[in-house]
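Every number for a ligand or one of its atoms is a count from 1 in the order of the listing. Owing to the predicted nature of the structure, the values given are computational and were not obtained by experimental measurement.
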Amino acid sequence: MSQKQDQEKNNTPAEHGPAKYKGSSTQSVHAGEERSKPYRSLIDPIFQTSTFTFENMAEVCVFEEGKETLSPNQFDYGRFGNPTIVAAEKRLAALEHGEGAILVSSGMAAITQTLLSLLPAGGHLVMTDDSYRLTRDFCENYLQRFNITCSVIPFGNYDALEAAIRPETRLLLSEVISNPYNRVLDLKRFVEIAKNHKVKTVVDATLVTPINLRPLDHGVDLVLHSATKYLGGHNDLLAGVITGQQKFINPLREAVCMLGGVSDPNTAYLLIRGMKTLSLRVAQQNKTAQAVAEFLENQPTVEKVWYAGLKSHPDYLLAQQTLKGFGGVVSFTIKGKREETFRFLDALRLSFISASLGGLESLVLHVATQAYGDLTPEERRQLNIPENLVRLSIGIEDAEDIIADLDQAFEKI
Ligand SMILES: *Cc1c(COP(=O)(O)O)cnc(C)c1O
């Protein structure tokens with residue numbers, strides 16, 4: 001066995017497939033953990049080291065040859081693995097019902113390293129619109145340097161998705177719940193189309209979280225997250241994760257170790273700590289977001305609300321059938337233009353104006369300025385990003401306080 005293969009063996013979670021524990025809160029705290037940690041520590045320690053040592057050359061030779069006698073906890077160099085990172089990866093794999101997981105430096109590192117690894121020069125991919133801005137930029141523009149082309153089809157149009165597949169198509173890419181419009185992917189149709197055409201499926205499950213839906217259970221090949229958002233949950237780290245079956249994870253790990261967008265032990269520790277409350281946080285955020293969405297829909301100053309838990313949302317029925325909860329992001333348009341929207345945002349006293357989501361603190365984003373500010377109004381119109389669109393990421397504050405804050409800000413418009 002090569003050194004890299006051995007690292008993969010070390011990183012294989014103890015529990016494959018469906019996790020040992022049924023409840024998602026138990027899983028958030030315990031899934032994939034080693035019961036006996038160093039010094040019988042209850043908590044996974046932070047191994048703040050860039051490299052590891054060998055007693056002698058005989059040990060090096062054993063490690064390099066990957067003999068069966070090798071200790072399963074042997075590491076050699078930080079980019080190829082670290083015990084704190086492995087502990088985070090085991091939790092992530094177990095939460096997503098994956099065989100393996102790779103922790104990387106950011107959500108974008110998960111997306112770019114996965115696509116660079118899976119797409120050959122001259123290849124093609126099909127993706128849904130209403131996507132994270134930089135994901136689309138990377139697919140449509142950056143990948144052109146490898147003659148890789150990308151078809152962007154309207155979210156929810158499965159005939160267009162299938163029609164866009166060509167002989168050189170290698171994969172389909174979509175978010176499971178999209179941002180900012182909370183479109184919900186029909187995973188059954190998405191996977192069916194991919195299987196019929198023998199192409200891979202990659203989804204960004206950042207907004208849905210493994211608490212509300214596990215795409216691997218629906219036959220998706222690879223699940224990516226910005227762990228910066230709900231998985232970390234505390235707005236204090238940047239990380240990404242790639243999960244799936246070992247046959248997909250193993251070659252991707254080799255690519256990540258070479259491309260270098262790996263994570264670090266401190267981030268892995270914070271992520272493990274954050275994930276322990278994932279189930280509690282998401283349950284509260286689902287509930288509060290529903291209450292806030294219903295409140296917004298009854299506001300005379302609100303034009304339209306996009307939340308999949310509302311009957312007015314185009315994917316309401318699909319969401320009811322497939323999701324355990326509809327997530328913590330609510331998007332809406334204000335009656336008025338940019339000026340009125342700015343006045344509303346400036347008047348908020350609880351939610352912060354900030355470009356992230358999924359954490360404990362409620363955050364608001366003026367999508368046109370903060371995510372698409374470099375484009376002309378016309379270009380934004382083409383991308384369906386109006387000047388009166390607000391994205392609200394619900395934190396874990398009480399619903400009544402969030403609603404009271406919105407209410408007083410609406411009066412200031
Ligand atoms: C934030 C986000 C990303 C990018 O993740 P980073 O951790 O910021 O690199 C990708 N996809 C979605 C859906 C996101 O919300």
(message) Would Leu238 count as a polar contact of ligand 1, with the cut-off being nitrogen or oxygen pairs under 3.5 Å?
(response)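 Leu238 vs ligand 1: no N/O contact under 3.5 Å.
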
(message) Are any of the N/O atoms on Glu175, whether in the backbone or the side chain, positioned under 3.5 angstrom from an N/O atom of ligand 1?
(response)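 No.
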
Closest protein heavy atom (residue, atom, distance) for [atom]:
atom	result
atom 14 (C) of ligand 1	Lys229 NZ, 3.0 Å
atom 9 (O) of ligand 1	Met108 N, 2.8 Å
atom 13 (C) of ligand 1	Asp204 OD2, 3.4 Å
atom 6 (P) of ligand 1	Gly107 N, 3.3 Å

(request) Taking the side chain as every heavy atom from C-beta outward, state whether Tyr77 and Phe52 have any pair of such atoms under 4.5 Å apart. (result)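 When only atoms from C-beta onward are counted, Phe52 and Tyr77 do not touch, as no gap falls below 4.5 Å.
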
Whether the [X] and [Y] side chains hold a donor-acceptor pair (N or O, under 3.5 Å, no angle test) is what I'd like checked.
X	Y	value
His197	Glu162	yes
Glu297	Ser312	yes
Asp221	Gln245	no
Asn388	Glu340	no
His124	Thr169	yes

(message) For atom 7 (O) of ligand 1, tell me which residue out of Leu231, Thr228, Leu357, Leu134 has the closest non-hydrogen atom.
(response)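 Shortest heavy-atom distance from atom 7 (O) of ligand 1: Thr228.
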
(request) Report, in ascending order of atom number, the atoms of ligand 1 lying under 4.0 Å from any heavy atom of Thr206. (result)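 So the answer, numbered in order with elements, is 12 (C), 13 (C), 15 (O).
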
